[in-house]
Amino acid sequence: MSKYTFTDLLEKKCFPFSKIEIPILQRDYVQGQKSTEDSEPINKTGFRFINAIFESMKNGNPMDMDFIYGSVENENFIPLDGQQRLTTLFLLHWYFACKDFVGDELKEKFELLSNFSYETRISSREFCSELCRLEKKFDIDEIPSDYIQNESWFFNKFKLDPTVSSMLNMLDVIHELDSVANASYEKLSLLQFDILNMDNFGLSESLYLKMNARGKELTDFEKIKAELEKQADDSKWEEGIAETEKFYYKADRMWTDLFWKNFKSLSDEAFLNFISEIIITCQTLKIENLETESGKQQVRKIQRLGSNSENLSVEDFTKDSFTRLKKILDLYSGNENDTKNAKINFWEFCKKEKNFFRTICSVEDKSVVTYPVRGLFFAQNLYLENAEFSEESFSDWMRVIRNIAENATVDTVQTFKGFLNLIQELSAGCNDIYKYLSEHNVESNFAKAQVQEEIYKAKIILKEKTAKSLFCELEENSFCKGKLYFAFYCCDADFQKADLDIELFKKVKSVFDEYFSEDDISDDFRVLLFTCGNNKFYEYWRTWSYNTDTYKRRCIKNTKELKDYFACIECFDYWKNYLKEAVIKITSGKTIGDLLAEYNSPDNMPKWEQWIIKNPKEFAEHCINDHYFGITGDNKECYLYNGYQRPTSREVCFRIPVE
């Protein structure tokens, strides 16, 4: 059997094929892995092997490198055993080509070496390819790894690839050994091996797998990226596009750098999450009829993908969604868009230390990516695509969308689609959203009440210079959280005429700021409600206490309950007017203490209610925690439950003295 050199193999002198391709199932290149022992720069096997090679070249003795097994698939020679040795030979030929040749001769050697390709990792393949495209040779006095890592084509992601890391280490070892041996490209012909084409023996793939069960499985991201590259090529999605604009080229360069910069070692997972989220949005917008079987299937597919990005497959892509993905990736790879965030509070939608780009890619807690978050990210993308960026207009746009997200139900694929359609419609005015809302009719029926409020606010903002800052400040109030409906209700605002008493609004806002900014309202405010309307606000919540034989009532559990029962647009005016009256009383400028002291109880008011109004501090001492109390059937006695949710008897309660 004839002996061959690596050059012979590259020149196809053994049998015909197109190029040498290290297959996906092969393990990473390990001969150049750093050693755990300080005495050796790389692992023992690799160090012994490269030393034997230099010893052979130094003495001028041929070195038998044993058999290289392989087969030809799709016109490429696939090494099934010998990958480690071939990779080391590739690095040796590259190094000595740089050392011994210049100009056209060097270019010729590089072209020959480009017939060697890696498929175990896309980054490995690109690294080998770039090595053979150097426009200038490196100075042989330089450390090879330093020179290569300073090249413009070398991206940080390469550092994560164990094959690339091992190659860089091996090149440095070759450089160090050659500083003593002073070998040459010509002497590489001493390194010889036998070639065995396994196709001639009819060996099955299963046998190959048993022989080579050392492969390292690709990550989910690497799999989908490789499949997507092939799909784009097979379907001609990028036909006529420059190579530098194609998916495969950008994926291993600027896009990979984007995720490496933000997520370091978790960049693959983040990249996969990003892709799946873009596809979720594209697929949701694409659904035409949610009631058809096809629509229901799409919904189920989106739900599965939303629960785990590993469910993403190449079948989820269309040419349109593929093009959209590339566009958004480009969007975040430039102008520092990955760091942009509107200067507003996004509450639970976006953690304080993050922005929407990082949130949507979340690798730590996928549960933070909800349908409202996806919608907000979609809104951000549309702005960055279509508007001339300014911090003010960006914040205005995102504020409006945030307010809608907070005050609408967006928890299913169906409601998510409605949200996306609304955002898409409003995006026509994202550069000046208040002007757009004040001049255009909104066709979407999604979140209609909140949209009408945003239109009203926009019209007032354009009429009153001070309105914008007032609205923005009050929207941050935890009681409002983007919805100012009840503040406007207190001001008798007319949405149709777009009128608002700004001076009264300022006073109402002050009440909200002072009394509704915490999780709980003050006890004196609870007592003030006893002076409003027919004095029966506590009837909003009712049940029966058998242990105390009383009608069980509650005096506002917390601020959220106050909002849910007395301040929502869905609440009956009967209940809203209790709270409105309390707010308007405080806008007079008097303290609650003064208002209670001045209050004249009606003749028919039960004495226990009169006692509460005149003794707010003592009432607060006994009506605590969830603020339960009980009223006897004749409405003449009241028992404060002393913090008990279910008191065992009247004896553990505080009986309001009414004699």
>> Angle between ring planes, Phe259 versus Phe263, binned at 30° and 60°: parallel, tilted or perpendicular?
In response: parallel
> Is there a side-chain contact between Thr359 and Phe349, using heavy atoms and a 4.5 Å cut-off?
Replying inline: no
>> Does any part of the side chain of Trp94, heavy atoms only, come nearer than 4.5 Å to the side chain of Ile174, both counted from C-beta?
In response: no
>> Please evaluate residues Asp338 and Lys261 with respect to the criterion salt bridge (charged side-chain N to carboxylate O under 4.0 Å, His left out), reporting the C-alpha separation (whole Å), side-chain torsions for both, the decisive distance (0.1 Å), and the verdict.
In response: CA-CA 10 Å; Asp338 58 312; Lys261 179 180 73 171; 3.0 Å; yes
> Is the closest side-chain donor-acceptor distance between Asp100 and Ser184 under 3.5 Å?
Replying inline: no
>> Below 30° counts as parallel, above 60° as perpendicular, anything between as tilted: where do the rings of Phe77 and Phe17 land?
In response: tilted
> Glu238 pairs by salt bridge (charged side-chain N to carboxylate O under 4.0 Å, His left out) with which of Lys250, Lys319, Lys246, Lys326?
Replying inline: Lys326
>> Quick one about Asn59 and Glu55 (side-chain donor to acceptor, distance below 3.5 Å, no hydrogens or angles considered), yes or no?
In response: yes
>> Does this structure show an ion pair linking Lys286 with Asp320, if we count only N-O contacts that are shorter than 4.0 Å?
In response: no
>> Check whether Phe317 forms a cation-pi arrangement with Arg324 (NZ or CZ under 6.0 Å from the six-membered ring centre, at most 45° off the ring normal).
In response: no
>> Quick one about Asp8 and Thr5 (side-chain donor to acceptor, distance below 3.5 Å, no hydrogens or angles considered), yes or no?
In response: yes
>> Please verify the inter-ring angle class for Phe357 with Phe274; under 30° counts as parallel, over 60° as perpendicular, anything in between as tilted.
In response: tilted
> Counting only heavy atoms not in Glu364, do more than 12 sit closer than 6.0 Å to its CD atom?
Replying inline: no
> Does Phe394 have Lys340 sitting over its ring (NZ/CZ under 6.0 Å from centre, angle to axis within 45°)?
Replying inline: no
> Would one find more than 12 heavy atoms of other residues, nucleotides or ligands at under 6.0 Å from atom NZ of Lys366?
Replying inline: yes
> Cut-off 3.5 Å, side chains only: do Glu11 and Tyr4 have a donor facing an acceptor?
Replying inline: no
> Are any of the side-chain nitrogens in Lys3 or Asp64 under 4.0 Å away from the carboxylate oxygens of its partner?
Replying inline: yes
>> On a heavy-atom basis, which atom in Leu131 and which in Ile148 lie closest, and how many Å separate them?
In response: CD2-CD1, 3.8 Å
>> Between Leu86 and Leu9, is there a side-chain heavy-atom distance shorter than 4.5 Å?
In response: yes
>> For Lys12, I'd like to know if atom NZ has over 12 heavy atoms of other residues, nucleotides or ligands within 6.0 Å.
In response: yes
>> Quick one, Ile278 and Ile275 - any side-chain contact, counting heavy atoms below 4.5 Å?
In response: no
>> Any non-hydrogen side-chain atom of Ser427 less than 4.5 Å from a side-chain atom of Trp397?
In response: yes
>> Run the salt bridge (charged side-chain N to carboxylate O under 4.0 Å, His left out) test on Lys99 and Asp178 for me, step by step, so that the C-alpha distance in whole Å, both residues' side-chain angles and the decisive distance to 0.1 Å come before the verdict.
In response: CA-CA 10 Å; Lys99 176 183 176 183; Asp178 187 57; 2.8 Å; yes
> Do you know which two heavy atoms are closest between Met170 and Thr88, and how far apart they sit?
Replying inline: CE-OG1, 4.2 Å
>> So that I can tick it off, tell me whether Glu229 and Arg125 are bridged by a salt bridge, with the cut-off set at under 4.0 angstrom between side-chain N and carboxylate O.
In response: yes
> Are any of the side-chain heavy atoms of Phe378 and Ile401 separated by less than 4.5 Å?
Replying inline: no
> Phe322 vs Trp237 aromatic rings, parallel, tilted or perpendicular, using cut-offs 30° and 60°?
Replying inline: tilted
> Would you say Lys264 has more than 12 foreign heavy atoms packed within less than 6.0 Å of its NZ?
Replying inline: yes
> Just one of Tyr332, Phe155, Phe247 clears the ring pair (Phe, Tyr, Trp, His ring centres under 6.0 Å) bar with Trp255, so which one?
Replying inline: Phe247
>> Determine whether Tyr185 and Phe101 satisfy the following criterion, ring-ring contact (aromatic ring centres under 6.0 Å, His included), listing intermediate values before the conclusion.
In response: CA-CA 9 Å; Tyr185 191 93; Phe101 302 104; 5.2 Å; yes
> According to the interplanar angle, ranging from 0 to 90°, do the rings of Phe54 and Phe96 count as parallel (below 30°), tilted (30 to 60°) or perpendicular (above 60°)?
Replying inline: tilted
> Name the one of Lys230, Gln231, Lys236 that satisfies side-chain hydrogen bond (donor to acceptor under 3.5 Å, both in side chains) with Asp234?
Replying inline: Lys230
> With a 4.5 Å heavy-atom cut-off, do Thr323 and Lys327 have their side chains touching?
Replying inline: no
>> Enumerate the side-chain hydrogen bond (donor to acceptor under 3.5 Å, both in side chains) contacts for residues 101-116, please, sequence neighbours excluded, ordered by first and then second residue.
In response: none
>> Against the six-membered ring of Phe377, is Arg374 placed for a cation-pi contact (under 6.0 Å from the centre, within 45° of the normal)?
In response: no
> Any side-chain donor paired with an acceptor under 3.5 Å for Arg133 and Ser129?
Replying inline: yes
